[in-house]
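Please read the structure below before turning to the comments.
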Amino acid sequence: MDFKHDPSTDFASVRALSKEDAKNEIEALREGIEYHNYLYYVKGEPRISDAVYDQLLGRLQELETAFPEFDSADSPTRRVGAEPSSKLERVQHHGPMLSLTATRDREEIADFVNRVGESTSAERVTFTTEPKFDGVSIEVVYENGRFKYGATRGDGMTGEDISDTLKTVRSVPLRLQGGNRPPALLAVRGEVFMLKQGFDELNTERMQKGQKPFANPRNATAGLIRQLDSKEAAGRPLDARFYDVLHMEGSLPECHVEVLEQFERWGLKTDTFNAECSSLQQIEERYDALVDQREKLDYEVDGLVIKVAHLQLRESLGVRQRSPRWALAWKFPPRQEVSRITDIVVQVGRTGKLTPVALLEPVDVGGVTISRASLHNEDEIHRKDVRVGDTVKVARAGDVIPEVQSRVAAPEDHREGAFKMPSTCPACGGEVSREGAYH
Ligand code: IVH
């Protein structure tokens with residue numbers, strides 16, 4: 001039985017199976033399903049239809065129900081979520097989960113590149129550049145190639161066990177791919193994040209249910225990944241990338257580039273934007289390229305991470321105050337600009353909710369022209385004390401609707417009177433009532 005290469009769905013009756021047969025078929029199905037999962041979610045090159053995939057999964061579920069003695073925590077059937085847990089257990093990381101020194105200053109990038117160059121006698125220093133994913137940092141542990149558990153970063157030394165929700169993320173392998181024997185123990189670090197489109201859908205859904213929308217995809221990811229009921233995370237468009245080894249039994253390659261290549265062979269998803277650079281100019285080109293692509297990517301990135309590629313050189317550069325001296329995050333400019341409110345209009349949502357919206361003198365915020373921004377509700381307007389004619393700070397948090405953040409007191413502003421919600425609906429003329437902070 002080889003469901004990897006011959007995904008036949010011509011199954012024998014479960015009752016006709018001996019224990020031994022069932023065990024073998026279960027194992028072959030798990031191997032096969034995870035392989036096709038890898039082809040689809042990691043490589044983006046599926047070889048079987050969704051219908052066949054569902055049939056394999058259905059068969060596995062059927063066998064696991066009939067033979068509960070072969071139950072396993074890393075079975076692909078766990079990807080739909082598990083029974084809710086009562087709390088998240090704390091786990092100690094296999095190595096400190098360090099943070100990155102960040103800057104927005106080109107000069108500091110040049111200083112970093114020079115400093116690294118001066119610290120070695122090597123003629124050329126290689127760096128890798130990677131997107132800085134705006135998500136939630138995770139540790140995932142594999143034992144003999146099988147998913148053992150996953151954890152949040154927490155305080156860097158210990159985090160929370162989020163295995164159940166992580167298993168619902170299809171690009172987090174439940175078993176590693178590749179012909180070679182996987183290490184007995186492998187702890188990797190990566191990021192889990194939400195796709196922009198799914199984020200918008202999730203928020204629409206939440207608002208329809210009367211729940212508070214998430215401010216940005218990162219908050220949504222953090223909220224879902226820490227759910228005690230992992231079924232809440234299942235089916236959500238969460239994705240992952242891997243970028244570091246926290247611990248590995250056996251020897252590591254010499255260079256981060258090879259580590260990333262090994263990740264790919266294992267089916268640990270790496271980013272297609274990752275590149276090798278060996279000069280400041282090349283690094284700057286990658287930064288500019290990522291700024292250009294930023295809006296087109298289907299997930300949020302908030303900068304470029306520059307890392308020394310050679311692991312030995314990393315070792316000799318060391319760590320300072322929990323940040324490695326061998327890496328630097330080059331953050332993107334803030335997506336906040338100043339503009340003037342020309343009018344405040346009221347928008348009527350599908351659920352009948354009224355949202356005050358500021359019309360603005362058009363302004364470029366992080367590459368996108370903004371001419372309207374949400375003021376959320378009447379209380380917010382009064383709290384921020386913003387009126388027509390005011391100069392205000394406008395920001396895009398995540399990829400949500402831009403918002404007016406605060407008023408910039410400008411003496412030349414001709415301020416109009418304070419805003420008042422209309423008493424009749426601008427869409428249907430009906431009477432407006434208030435529920436909590438909303439009309
Ligand atoms: S490397 C010591 N690479 O940015 C090096 N971090 O403090 C460990 N992040 O929360 C970090 N994308 O989770 C690295 N390509 C990337 C990253 C990345 C996002 C996050 C990381 C951490 C924060 C930096």
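From a predicted model like this one, the values you see are computed outputs, not experimental measurements. Whatever order the structure lists them in is the order used to number ligands and atoms, beginning at 1.
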If you scan protein heavy atoms around atom 10 (O) of ligand 1, the nearest is R189 NH2, 3.9 Å
min-distance protein heavy atom vs atom 12 (N) of ligand 1 -> F133 N, 3.0 Å
Would you say P131 contacts ligand 1, with heavy atoms under 4.0 Å as the rule? yes
Quick note on ligand 1: atoms under 4.0 Å from a heavy atom of E191 include exactly 9 (N), 13 (O), 19 (C), 20 (C), 21 (C)
For atom 7 (O) of ligand 1, the closest protein heavy atom turns out to be L100 N, 2.9 Å
Q. Heavy-atom contact under 4.0 Å between R153 and ligand 1?
A. no
The test is salt bridge (charged side-chain N to carboxylate O under 4.0 Å, His left out); show your working for E27 and R175 and say whether it passes. CA-CA 12 Å; E27 177 50 29; R175 37 180 87 191; 2.9 Å; yes
**Asked** With distance as the sole criterion, is a donor-acceptor pair present between the side chains of E139 and H94 under 3.5 Å?
**Response** yes
#### Entry: Heteroatom proximity flag, D244 to ligand 1, N/O under 3.5 Å
no
Ignoring hydrogens and geometry beyond distance, is a side-chain donor-acceptor pair present between Y299 and D271 at under 3.5 Å?
yes
Taking only non-hydrogen atoms of P324 and a 4.0 Å limit, the atoms of ligand 1 in range are 2 (C)
Subject >> Ring-face cation of R325 near F112 (centre distance under 6.0 Å, axis angle within 45°) >> reply: no
Please find out if less than 6.0 Å separates the ring center of Y53 from that of Y40. no
Atom 14 (C) of ligand 1 has as its nearest protein heavy atom Y243 CE1, 3.3 Å
By side chain to side chain contact (heavy atoms under 4.5 Å, CB included), A437 pairs with (sequence neighbours left out) N377, D379
Is the shortest N/O to N/O distance between S99 and ligand 1 below 3.5 Å? no
With E130 as partner, the option from R286, R241, K307 fulfilling side chain to side chain donor-acceptor pair (under 3.5 Å) is K307
for atom 23 (C) of ligand 1, nearest protein heavy atom and its distance come out as K132 NZ, 4.0 Å
Checklist entry - Judged by atom type as modelled, is there a donor-acceptor pair below 3.5 Å linking the side chain of T165 to the main-chain atoms of Q227? => result no
When distances are taken from atom 3 (N) of ligand 1, the protein heavy atom at minimum range is K307 NZ, 3.0 Å
